[in-house]
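Just below is one structure, and these are the notes that go with it.
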Amino acid sequence: MKLWSQYFIPTLKESPADAEIASHKLLVRAGLVRKLSGGLYTYMPLGQRVMRKITQICREEMDRAGGIELWMPHLHPAENWQNGPRWAATREIMFRADTAGNGKRLSSEPEFVLGPTHEEVITPLIKAELNSYRDLPKNFYQIATKFRNEIRPRYGLMRAREFVMMDAYSFDADEQGAIKSYECMKAAYVAFFKRLGVLAIPVEADTGVMGGDYSHEFMVPAEIGDDDIIYDESSGYAANREKATSGLVPKDLADAAPCGAIEEFATPGVTTINALSKDPYNVAPDAQFKTLVYIGDGKPFLVILRGSDELEEAKLGSLGFGVVRPATLEEIVPLLGAKPGSLGAVRGSIKGEGALAGVFADQAIRLIGNGVTGANRDGFHLRNVNVTRDLAITKFGDYRRVRAGEPCPISGQPLKSRRGIEVGHVFVLGTKYSEKFNAVYTDDAKQSHLMVMGCYGIGISRTMQAIIEQSHDGDGIIWPWNTAPFQVIVTCLDQQDSAAMEMARKLATAAESAGADVLIDDREERPGVKFKDADLIGIPLRLTVGGRGLKEGVIEMKWRTAKDVQKIPVAEAETLIAAAVREAAAKA
RNA sequence: CGGGGCGUAGCUUAGCCUGGUAGAGCGCCUGGUUUGGGACCAGGAGGUCGGGAGUUCGAAUCUCUCCGCCCCGACCA
């Protein structure tokens with residue numbers, strides 16, 4: 001039980017100027033956080049209470065799923081990362097942590113870094129500590145601070161430079177075991193988000209720089225989310241757009257027969273799909289081959305798409321390169337012999353064909369059959385280009401960005417799309433890290449094997465904000481029962497009146513005994529201020545005690561989500577309140 | 001890192017274009033009247049106008065520069 005007058009909840013009437021979205025504004029207005037600097041926030045007492053609740057629920061669900069809690073350093077020797085598989089790719093988002101002294105000891109390479117995640121710490125640890133198949137499987141987790149020098153911190157806690165994350169790492173004897181661990185964690189996530197009272201949907205996801213075999217993200221649907229979820233309710237298909245596929249290309253599609261010899265034709269000044277689709281050429285975008293040039297680990301390669309399609313860059317990850325980027329004009333011209341706008345991948349027309357690391361064609365170009373592409377000669381295109389006969393394709397794959405409205409790969413129904421906030425992620429990592437750090441175990445036949453790993457993350461601080469984004473109205477936050485900083489607020493309107501205060505304490509005690517965290521608003525404020533603040537900070541159940549009600553022999557009970565106020569007789573108040581608290585807790 | 005915007009009291013901001021005594025609301029302090037959905041009256045404290053340089057008799061205002069913050073793109077829990 002806390003008295004507001006002796007606690008610290010600095011609420012604001014006005015939204016801070018630097019907050020754009022509802023949840024960010026409310027975080028600040030309700031006194032949950034204060035900004036120190038871009039992407040750095042202090043959790044104020046109320047915010048810290050919510051963080052503690054989310055953390056505790058997370059801990060309980062991880063423990064239930066067989067997780068073993070530990071705590072690793074936040075300061076990592078850079079060596080661990082240099083020895084790992086992704087130093088080049090991740091160092092850009094890592095903070096270096098050297099002496100803040102006069103620079104004498106500052107070397108060009110960092111000595112220490114602040115941990116953005118912990119694979120590079122736990123894998124060497126496990127290598128040293130676990131050696132036998134008898135030790136496996138194991139799943140370790142921690143709930144702690146992570147540091148990422150995000151390219152662009154955004155929306156308060158949504159993408160911060162310092163944030164709280166639950167990170168877990170599973171170690172299994174084989175792939176099958178790893179998948180089992182993965183499924184177990186996925187189920188634990190579902191249970192966790194359900195207990196929080198937040199809707200978080202698991203969707204198929206790209207593995208990104210983490211590497212690994214397959215993964216799901218947990219998404220809180222929200223307009224302001226950074227990710228597009230492609231889904232179909234009828235089949236249950238749901239995937240991050242980066243990973244999504246569609247049933248656009250029928251599985252049994254036959255290769256189109258050639259329709260004549262390739263002809264070159266002049267297209268002076270035409271360098272875009274759009275221009276070629278207009279008079280006098282009139283080649284529809286979905287009859288054009290689009291040729292893109294990329295550099296993977298220093299080697300150039302081509303990607304062919306339909307003119308009407310967009311490349312989904314994340315899908316290039318499946319090609320196995322470490323670092324992938326678009327080629328520059330200076331790289332393209334000597335390689336293909338023409339500038340972008342006149343590029344093509346017709347066999348024999350590519351000047352530097354031998355230098356290519358491959359020509360990767362999106363499946364959907366098979367729908368074109370015979371089409372138009374650049375001649376690798378500025379101002380010229382080729383027509384009657386046949387996919388199978390003419391294009392120098394190394395491999396077909398799925399590289400295009402799926403759009404809403406395309407058929408679901410499972411049901412064939414039109415796919416829908418919505419935005420989401422990624423609050424959790426589960427991966428099967430495979431042996432990427434165990435190989436690099438030589439984390440092996442001995443089996444019952446004395447054979448050595450690499451451990452198969454999984455890794456799992458939940459953005460705890462981001463989840464706090466995602467809950468607010470999902471659950472608020474014009475008056476403020478609407479906390480779900482289990483994450484509310486206090487579940488019950490007793491608003492005493494006559495704090496000077498000892499009878500009223502005594503009643504307030506009695507009700508608070510009743511609610512507390514029934515299992516609720518209770519805040520008593522005993523401030524010297526007018527009733528309007530107290531009601532507004534109670535709504536703003538989003539306490540699920542409000543009990544109002546005032547001289548006027550007491551004279552009638554009633555106190556008032558109001559749910560944050562309800563419009564109506566229930567008047568309950570003083571004599572029954574304690575019982576009814578306890579029952580209401582128990583019921584709410586049971587439902588949550 | 002590229003593009004755009006902003007920086008004036010603890011918070012929200014006006015003033016800047018067209019240079020001439022820094023203004024309001026909220027919050028805070030004092031006194032009074034109030035008291036069921038962000039009260040009212042009177043008085044008060046609080047500002048190196050983000051930092052530096054320049055132009056000018058004179059700069060919050062014009063110029064340059066640095067810094068910080070926010071938004072849009074690629075990245076992430």
Side-chain angles (χ1 to χ4, degrees), chain A residues 10-21 24-25 28-29 31 34-40 58 89-90 92-94 116-117 143-168 189 200 205-210 215 217-220 224-227 240 242 313-314 317 323-326 420-427 455-466 475-476 491-497 523-536 542 544-550 552 556 558 565 567:
Chain A
T11 58
L12 299 173
K13 278 193 206 175
E14 279 169 306
S15 292
D18 58 10
E20 196 82 3
I21 63 167
H24 185 192
K25 289 177 184 171
V28 180
R29 284 192 58 208
R34 285 294 184 263
K35 184 167 79 177
L36 170 63
S37 175
L40 298 176
C58 183
T90 44
E92 295 310 321
I93 61 143
M94 292 170 70
T117 169
I143 301 173
T145 306
K146 295 284 176 283
F147 301 87
R148 291 185 194 173
N149 196 2
E150 288 292 346
I151 306 162
R152 184 151 89 87
R154 209 149 82 101
Y155 293 156
L157 301 181
M158 210 55 98
R159 196 192 302 166
R161 294 198 285 185
E162 182 182 319
F163 60 97
V164 177
M165 177 164 125
M166 187 293 300
D167 50 320
Y189 274 38
D206 183 63
T207 53
V209 73
M210 278 291 182
S215 80
E217 287 167 343
F218 282 72
M219 295 284 194
V220 172
I224 55 93
D226 277 343
D227 295 277
N240 190 310
E242 293 181 345
E313 265 193 45
V323 180
V324 170
R325 62 168 173 88
I421 302 163
E422 182 187 348
V423 287
H425 208 153
V426 289
F427 296 86
C455 78
Y456 317 89
I458 291 175
I460 301 287
S461 41
R462 178 184 282 182
T463 296
M464 172 162 80
Q465 186 169 350
D475 293 319
T491 302
C492 184
L493 300 183
D494 298 284
Q495 62 284 340
Q496 300 288 8
D497 175 354
R523 293 175 300 167
E524 294 294 334
E525 291 288 354
R526 296 161 59 83
V529 173
K530 295 187 178 187
F531 293 141
K532 286 284 186 193
D533 270 346
D535 287 347
L536 177 62
R542 188 183 80 205
T544 306
V545 180
R548 184 200 286 181
L550 285 184
E552 295 172 33
E556 289 160 29
K558 183 186 174 297
V565 175
K567 296 199 173 188

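Just so it is clear, the model here is predicted, and its values are computed rather than measured. Per chain, numbering begins at 1; letters A, B, ... match sequence-line order.
- With distances taken from any side-chain atom of Asp18(A) to the nucleotides A77(B), G37(B), C69(B), the minimum falls on C69(B).
- OP1 or OP2 of C69(B) lies within a sub-4.0 Å distance of a side-chain N or O belonging to Ser37(A).
- Between the side chain of Glu14(A) and the base of G25(B), at least one donor-acceptor pair of N or O atoms lies under 3.5 Å.
- Arg154(A) has a side-chain polar atom (N or O) that falls below the 4.0 Å cut-off from OP1 or OP2 of C72(B).
- Here Asp475(A) lies out of heavy-atom contact (under 4.0 Å) with every strand.
- No N or O donor and acceptor, one from the side chain of Arg29(A) and one from the base of G27(B), sit under 3.5 Å apart.
- Dashed line: the shortest gap from a side-chain N or O of Lys35(A) to OP1 or OP2 of C70(B) is under 4.0 Å.
- Closest to the Glu242(A) side chain, of the nucleotides G36(B), C70(B), C75(B), is C75(B).
- Aromatic stacking is not marked for Phe531(A) over G38(B), as the cut-offs of 5.5 Å for the centres and 30° for the planes do not both hold.
- Across all strands shown, Pro16(A) has heavy atoms under 4.0 Å from sugar-phosphate atoms exclusively, and none from any base.
- Counting non-hydrogen atoms under 4.0 angstrom, Ile458(A) reaches nothing in the nucleic acid.
- Side-chain proximity of Arg548(A) to G38(B), G36(B), U13(B): nearest is G36(B).
- Closest approach to the Arg148(A) side chain among G38(B), U35(B), A77(B) is made by A77(B) (side chain taken as heavy atoms from C-beta onward).
- Close to A77(B), at under 4.0 Å from its OP1 or OP2, lies no side-chain N or O of Tyr155(A).
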(request) Start with the C-alpha gap between Glu525(A) and Gln495(A), add the side-chain angles, then the distance that decides, and say whether side chain to side chain donor-acceptor pair (under 3.5 Å) holds. (result) CA-CA 9 Å; Glu525(A) 291 288 354; Gln495(A) 62 284 340; over 6 Å; no

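- Annotation: the span from Asp535(A) atom CG to Thr11(A) atom OG1 amounts to 12.0 Å, rounded to 0.5 Å.
- Shown here, A39(B) forms a base pair with U33(B); the pair counts as Watson-Crick or G-U wobble because both key distances fall under 3.5 Å.
- The side chain of Arg526(A) has U35(B) as its nearest neighbour among U35(B), C75(B), C69(B).
- For Arg34(A) and C11(B), a side-chain-to-base donor-acceptor distance below 3.5 Å is absent, hydrogens and geometry of angles not being considered.
- When each of C71(B), G38(B), C75(B) is scored by its nearest atom to the side-chain atoms of Lys13(A), the top-ranked nucleotide is G38(B).
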